[in-house]
**Student:** 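After the structure tokens below, expect a handful of questions from me.
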Amino acid sequence: MKIDLSETACSDQPMGARAEPCLGLTGRFDAFETPEFRSTIDELFEGGATTIRVDMSAISFVDSSALAELVRVHKHCRELGGDLIIVSPSDPVTVIFELTRLDSAFRIERKNPVAEVA
Amino acid sequence: MNPLNGSDGGRDSGDVIMTVAPEPDRVDLVEALVEANDLLVSLVGLTGLPNSDAEWSVQAGAIAQEAHVALRTAGIRVGAPHGSRVEVGRCGAPSDDCYLYLEVLCSGETVSLEAWREGARFSSLDRRFLGAVVNLVASAARISALQQARTSVQGITADHAAAVKIAQTVVPSSRHRSSIDGVQLFGATRPVQTAGGDFYTWIETDHRVFFALGDVSGKGLAAAVLMTTVLNALEHSMRRHPDESPAAIIEALNRWVFKHLSDAAMFVTVTVGAWAPATGDLEVVNAGHSPVLFARDGAIEPIPASVPPIGVLDTLESETWRKHLRSGDALIIGSDGLTEQADWRGHLFGDEAFANAAQRLAQDDDTPAVAAELFRLVDAFAGPAPQSDDRTLMIFRVDELATVEPAQST
């Protein structure tokens with residue numbers, strides 16, 4: 001899985017959201033990838049982040065380890081008074097979120113429609 | 001004691017101190033060099049790392065002994081028990097070309113090596129020989145450190161495996177109850193060696209039969225420990241509060257898990273059901289779990305999750321799926337280790353294939369045979385691909401039910 005934390009990773013996010021750190025994820029998100037994801041996220045927490053956006057529009061597969069990692073981030077953000085925002089989950093991710101009803105737990109936002117069309 | 005340091009002599013165990021005697025015959029030196037290196041290669045290089053502490057001790061002892069012999073042949077004493085440092089004065093300052101001191105840092109341990117030739121400078125052959133000895137010491141130190149690390153990992157792995165195995169004993173590999181007021185229950189689990197998160201159970205009380213199947217996220221000891229805790233809590237709740245609804249059981253369990261696992265990246269998907277023979281009513285609550293399928297008259301109805309898994313939100317407000325049962329109805333609950341089993345190409349068995357198989361098999365009243373066939377289908381699909389997760393299955397089936405009019409049509 002590729003983790004993009006650069007300024008261009010979520011450049012298509014709404015203007016108001018750009019102050020929050022955003023991770024753009026690409027590829028499979030499974031048990032092999034969670035250590036790097038956790039490390040990246042924890043650095044954001046150490047840097048003072050309380051709300052984190054995770055763009056999952058390019059994720060092709062997500063397993064229970066990845067879901068557990070998202071749950072951990074979600075809980076930690078909430079404890080800090082912020083939130084985890086899942087941005088534009090891909091179809092495979094959406095199916096899993098719906099199956100587990102995590103779609104009712106996570107805050108899910110869509111990308112700027114203009115950007116999505118582009 | 002360092003394997004190459006033949007004596008503790010009151011020094012740190014990592015020290016190797018050598019004094020170099022007047023230069024011997026050069027042929028002897030070369031032979032000693034060859035012997036020392038050959039020894040290391042033959043003892044370690046070809047056979048690989050020792051398999052146990054005892055084996056390492058034997059090999060280390062042999063290396064030390066042979067190294068001593070080789071070094072003495074070369075006129076160099078290793079690990080002199082007393083007074084080595086006295087000879088430093090005779091040798092002169094370390095800046096003189098008759099003194100060698102080095103430290104080998106290996107996995108946090110320092111092996112020191114000092115060597116002198118009394119009253120003379122090191123020859124080029126001395127340097128080569130000492131270089132070989134240094135390599136020998138360094139190699140032995142690395143091997144020793146690797147062995148210690150491996151022994152440590154082996155110990156942890158063994159403890160881990162034992163703990164997982166103990167945890168998994170609370171979930172029987174299969175269990176069949178053929179007659180409970182006209183229904184039968186069958187459960188089976190096939191854990192992956194390193195996993196331990198799946199569980200199933202049922203509890204019969206005076207007027208209800210509770211059952212549950214769940215999956216703790218993750219693998220290994222942490223999942224196994226949480227699994228046993230959740231299972232104990234569920235069974236305790238079912239026994240102590242037989243009039244509670246599945247929803248109340250799940251919501252109470254969620255509060256406890258959420259509170260105690262706030263920092264853990266773990267959650268629990270679970271389906272809890274309660275069957276009341278007196279009324280013929282079945283209640284099911286699904287917290288983030290799949291697949292959960294209700295089979296009637298050859299048709300399959302998925303029972304979707306009404307709330308996220310346990311441990312995600314601080315409170316849950318679950319919805320209960322209710323059905324007035326009749327003979328031939330069946331509830332089939334699996335774990336994602338069945339539906340997410342991949343074949344060699346990486347394709348998943350899938351929810352649809354599982355539901356199709358369940359639909360075809362659900363009318364068979366031989367629940368162990370139905371479960372065996374479902375497991376076999378997943379095995380056949382996987383082919384040479386390894387089992388990727390625990391596979392657990394539970395079948396609740398109504399055989400012969402006394403006619404009970406539904407309190408409310410469903």
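Values reported hereafter were calculated over all heavy atoms of this structure, with side chains retained and with hydrogens, waters and symmetry mates removed. Naming: A, B, ... by sequence-line order, numbering from 1 per chain. Given the structure is predicted, the values throughout are model-derived calculations rather than measurements.
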**Student:** Chain B heavy atoms under 4.5 Å from A/Leu67: which part of the residue, side chain, backbone, both or neither?
**Tutor:** both
**Student:** Contact part of B/Pro304 toward chain A, heavy-atom cut-off under 4.5 Å: side chain, backbone, both or neither?
**Tutor:**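 Neither part.
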**Student:** What pair of heavy atoms forms the shortest contact from B/Pro308 to A/Arg101, and how long is it?
**Tutor:**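 Closest approach of B/Pro308 to A/Arg101, heavy atoms only: CG-O, 3.3 Å.
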**Student:** Show your working on side-chain contact (heavy atoms from CB on, under 4.5 Å) between A/Asp63 and B/Asp389 and close with a plain yes or no.
**Tutor:** CA-CA 11 Å; A/Asp63 75 355; B/Asp389 199 356; over 6 Å; no
**Student:** If you look at every heavy atom in A/Ala68 and B/Ser217, which pair is closest and at what distance?
**Tutor:**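 Scanning both residues completely, I find the closest heavy atoms to be CB-OG, 3.7 Å.
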**Student:** Using every non-hydrogen atom in the two residues, find where B/Leu313 and A/His74 come nearest and quote the distance to one decimal.
**Tutor:** CD2-CE1, 3.9 Å
**Student:** For B/Asp314, which atoms come within 4.5 Å of any heavy atom of chain A: side chain, backbone, both, or neither?
**Tutor:** neither
**Student:** What part of A/Phe61 gets closer than 4.5 Å to chain B, counting heavy atoms only: side chain, backbone, both or neither?
**Tutor:**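 Answer is side chain: those atoms of A/Phe61 sit under 4.5 Å from chain B.
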**Student:** Measure B/Thr269 against the heavy atoms of chain A and call it side chain, backbone, both or neither at under 4.5 Å.
**Tutor:** neither
**Student:** Just wondering, do B/Glu340 and A/Ile96 contact through their side chains at under 4.5 Å, heavy atoms?
**Tutor:**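 Yes, side chains in contact.
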**Student:** Kindly give the heavy-atom pair with the smallest separation between A/Thr100 and B/Pro309, and that separation in Å.
**Tutor:**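 Closest approach of A/Thr100 to B/Pro309, heavy atoms only: O-CD, 3.3 Å.
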**Student:** Which atoms of B/Val312 come close to chain A, meaning under 4.5 Å heavy atom to heavy atom: side chain ones, backbone ones, both, or neither?
**Tutor:**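 Backbone plus side chain of B/Val312, per the 4.5 Å heavy-atom cut-off to chain A.
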